[in-house]
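Here is the structure we will look at.
Letters A, B, ... are given to chains in the order of the sequence lines, protein chains preceding strands, and every chain is numbered from 1.
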Protein chains: 2
Amino acid sequence: MRPEEQPVIRSLPLFQQMTEDNFDRLMRGAYVQSFPPQVELITEGDPCDFLHIVVDGEVELVATWCGRETTMGIVRPVSTFILAAAVKDAVCLMSARTLEKTRLVLLPAIDVREVFEIDNGFSRAVVTELAVAYRGVIRNTKNLKLRSSLERLANYLLSQKNLAGGAKSFELVMEKRRLASLLGMTPENLSRAIKALRPYGVKVDGNCIEIVDSSDLERLAKPTHLIDGNGI
Amino acid sequence: MRPEEQPVIRSLPLFQQMTEDNFDRLMRGAYVQSFPPQVELITEGDPCDFLHIVVDGEVELVATWCGRETTMGIVRPVSTFILAAAVKDAVCLMSARTLEKTRLVLLPAIDVREVFEIDNGFSRAVVTELAVAYRGVIRNTKNLKLRSSLERLANYLLSQKNLAGGAKSFELVMEKRRLASLLGMTPENLSRAIKALRPYGVKVDGNCIEIVDSSDLERLAKPTHLIDGNGI
DNA sequence: AATTGTAATTGATTAATGTCAAACCACAGA
DNA sequence: TCTGTGGTTTGACATTAATCAATTACAATT
């Protein structure tokens with residue numbers, strides 16, 4: 001592991017509250033590895049052997065069924081994934097693949113469970129992490145069941161604008177076909193949906209989005225912190 | 001609280017691992033209350049003041065947006081709901097309403113958080129509860145994004161058949177319009193979908209469902225433990 | 001500069017799903 | 001028994017979204 005990486009991991013909420021001893025123990029058993037793009041790190045249905053920490057790069061979480069595939073999320077540095085499967089010693093419900101060259105820290109799930117059993121600060125941090133994740137998925141379900149694809153796109157663009165600090169224009173952080181899958185639609189449908197937002201002041205040039213007047217778009221999107229909120 | 005109720009609650013996985021002292025403490029602060037049908041117990045967006053335990057009756061979890069409404073789940077005895085909001089001291093992302101006369105035990109969320117901070121057995125039990133809940137919602141998301149409404153219905157019927165012990169015929173455990181909402185479709189669409197399953201050996205008479213040959217229906221439904229599993 | 005591969009777009013079409021209205025049915029209460 | 005009420009079903013239709021095919025755009029490579 002690079003000298004700067006261990007402190008970064010330590011500073012994650014998930015690892016902040018545990019004892020120095022137990023953190024060291026986790027780190028001693030950790031593997032660090034770099035992967036090229038398009039590598040399948042985890043396969044849906046396989047047992048979960050490692051808690052994954054993305055320290056650099058980008059990982060896509062995908063789910064499949066009967067030849068169909070959908071993007072469940074994108075993981076960026078520095079954060080973890082498949083925590084639930086790791087602590088429950090269960091099979092993975094999603095596959096994970098690198099989107100670009102990616103550096104991972106892999107904590108053996110068996111170590112994670114062992115430390116989880118003895119370190120109370122860690123087990124409480126896991127609760128927080130899971131509670132936030134759970135509420136995130138509930139929000140996502142509401143988004144899918146209550147909104148049309150156009151409305152989902154409109155709200156996605158508004159939330160991205162916020163993430164970009166409210167700047168009038170910003171770049172899409174992923175390929176459009178991936179965004180389409182994340183939003184639960186086809187690439188063709190996304191392409192048309194983007195056009196359909198033009199009357200609401202959305203201008204698109206390649207990956208660059210410009211929202212002329214947010215309140216215009218909000219009239220359609222009707223964002224709410226009960227769906228579009230971030231952990232609050 | 002009735003004499004038989006406290007032991008039942010104690011035997012829930014969530015409360016099994018905590019100390020007797022802390023359990024007593026939670027129970028001393030508990031309210032027990034009965035509600036008639038169609039009472040709104042929790043309103044989406046409100047702060048979460050109590051961890052709810054259904055000891056008798058039936059509660060529906062619903063989410064709304066812009067006048068639209070969808071059923072997110074049904075809670076039956078004996079189990080809890082809004083655990084995540086209670087431990088995080090956050091607003092509720094779903095509303096809850098009684099479907100029939102319902103008896104609830106209400107644990108003040110502030111007590112739950114207090115005990116959570118001091119009782120390590122409890123905090124670990126919360127992890128298990130949340131991890132299972134999280135994985136359940138992930139499964140649900142896959143169900144929604146990867147399957148058509150007909151496929152969701154087919155899989156629902158197969159899982160209900162299993163819950164009924166594999167009996168050839170069984171009763172629907174909820175009104176059809178509620179089932180429709182749970183599956184993410186309209187009542188009209190459900191009605192037609194049921195008919196569309198007739199070629200696959202599904203016979204319906206009111207609330208009674210008969211599946212002539214499961215393997216017939218499975219050819220369409222293609223159930224998998226990665227979507228239709230129960231906590232495994 | 002030409003070539004290749006992939007993503008993105010566009011148009012035409014089909015399929016899936018929702019909406020609206022009416023009819024039907026079961027059941028509780030008068 | 002009658003009668004309202006609300007859930008269910010059905011049909012006609014509208015809307016939404018997926019599919020298929022073709023084209024364009026673009027970036028990487030030769």
Side-chain angles (χ1 to χ4, degrees), chain A residues 36-38 58 60 65-71 74 97 99-101 143-157 171-198 202-209 220-221, chain B residues 36-38 58 60 62 65-71 74 97 99-101 143-156 171-198 202-209 220-221:
Chain A
Q38 304 300 332
E58 204 173 23
E60 179 183 25
W65 180 74
C66 284
R68 300 171 210 173
E69 171 177 322
T70 190
T71 300
I74 306 267
R97 81 164 69 100
L99 290 180
E100 43 184 69
K101 191 169 179 315
N143 198 27
L144 284 170
K145 289 181 80 176
L146 292 168
R147 286 175 174 160
S148 71
S149 60
L150 190 67
E151 290 162 340
R152 292 198 293 275
L153 173 62
N155 279 289
Y156 175 83
L157 294 180
E171 296 279 315
L172 289 178
V173 294
M174 70 185 88
E175 282 178 333
K176 284 182 183 156
R177 70 195 183 99
R178 227 173 298 280
L179 175 59
S181 182
L182 191 65
L183 294 176
M185 57 207 281
T186 59
E188 294 95 325
N189 193 10
L190 174 61
S191 194
R192 289 182 247 268
I194 288 175
K195 269 181 150 179
L197 290 182
R198 219 147 39 186
V202 176
K203 292 180 182 174
V204 179
D205 177 28
N207 274 339
C208 180
I209 308 286
L220 169 72
Chain B
Q38 302 302 330
E58 203 172 23
E60 179 183 24
V62 299
W65 179 73
C66 285
R68 301 171 208 173
E69 173 178 319
T70 191
T71 300
I74 307 265
R97 79 164 70 101
L99 290 179
E100 42 184 69
K101 191 170 179 311
N143 198 28
L144 285 170
K145 288 182 80 176
L146 292 168
R147 286 173 174 162
S148 71
S149 60
L150 190 68
E151 290 162 341
R152 292 198 294 273
L153 173 62
N155 279 289
Y156 175 83
E171 295 278 315
L172 289 178
V173 294
M174 69 186 89
E175 283 179 332
K176 284 183 183 156
R177 71 196 183 99
R178 227 172 299 280
L179 175 59
S181 182
L182 192 64
L183 294 177
M185 57 207 283
T186 58
E188 296 94 327
N189 193 9
L190 173 62
S191 194
R192 288 182 246 267
I194 288 174
K195 270 181 147 177
L197 290 182
R198 216 148 41 188
V202 176
K203 292 181 182 173
V204 179
D205 177 29
N207 274 338
C208 182
I209 309 286
L220 170 72

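- Look at CZ on R152(A): it is 11 Å from C1' on dT16(D), rounded to the nearest Å.
- Rounding to the nearest 0.5 Å gives a distance of 9.5 Å between CD1 of I74(B) and CD of E175(B).
- Here the CD atom belonging to E151(B) is positioned 10.5 Å from the CG atom belonging to L197(B), to the nearest 0.5 angstrom.
- Proximity of M174(A) to L99(A): side-chain heavy atoms (C-beta onward) are nowhere separated by under 4.5 Å.
- Residues R192(A) and N207(A) each lie close to DNA chain C; by heavy-atom proximity, the contact nearer the 5' end of the strand is made by N207(A).
- Between R178(A) and E58(A) there is no salt bridge, since no side-chain nitrogen of the basic residue lies less than 4.0 Å from a carboxylate oxygen of the acidic one.
- In this structure, L146(B) atom CG and dA18(D) atom P are separated by 12 Å, rounded to whole Å.
- Separating the CD atom of Q38(B) from the P atom of dG7(D) is a distance of 8 Å, rounded to the nearest angstrom.
- Proximity of residues 177-190 of chain B to DNA chain C (heavy atom under 4.0 angstrom from any strand atom) is restricted to G184(B), M185(B), T186(B), E188(B), N189(B).
- The distance between atom CG of D205(A) and atom P of dA8(C), rounded to the nearest whole Å, is 14 Å.
- For S191(A) and dA8(C), the shortest distance from a side-chain N or O to OP1 or OP2 is not below 4.0 Å.
- Using a 4.5 Å cut-off on side-chain heavy atoms (C-beta onward), L150(B) and L220(B) make contact.
- Using a distance-only test at 3.5 Å, with no hydrogens or angles considered, no donor-acceptor pair links the side chain of N207(B) to the main chain of E171(B).
- Judged purely by atom type and a 3.5 angstrom limit, T71(A) has no side-chain atom pairing as donor or acceptor with the backbone of S181(A).
- At whole-Å resolution of the value, NZ in K195(A) and P in dT24(D) are 14 Å apart.
- Distance, L99(B) CG to dG6(D) C1': 15 Å, rounded to whole Å.
- Between the side chain of K203(B) and the main chain of C208(B), no donor-acceptor pair closer than 3.5 Å is present.
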Reading nucleotides 23-30 of chain C 5' to 3', which nucleotides get B (base under 4.0 Å from a protein heavy atom), which S (sugar-phosphate only), which -?
-> --------
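- Panel note: side chain K145(B), backbone L183(A); no donor-acceptor pair is recorded below 3.5 Å.
- To the nearest angstrom, P of dA15(C) lies 15 Å from CD of E151(B).
- Per the geometry, CG belonging to L144(A) stands 17 Å off C1' belonging to dG18(C), to the nearest Å.
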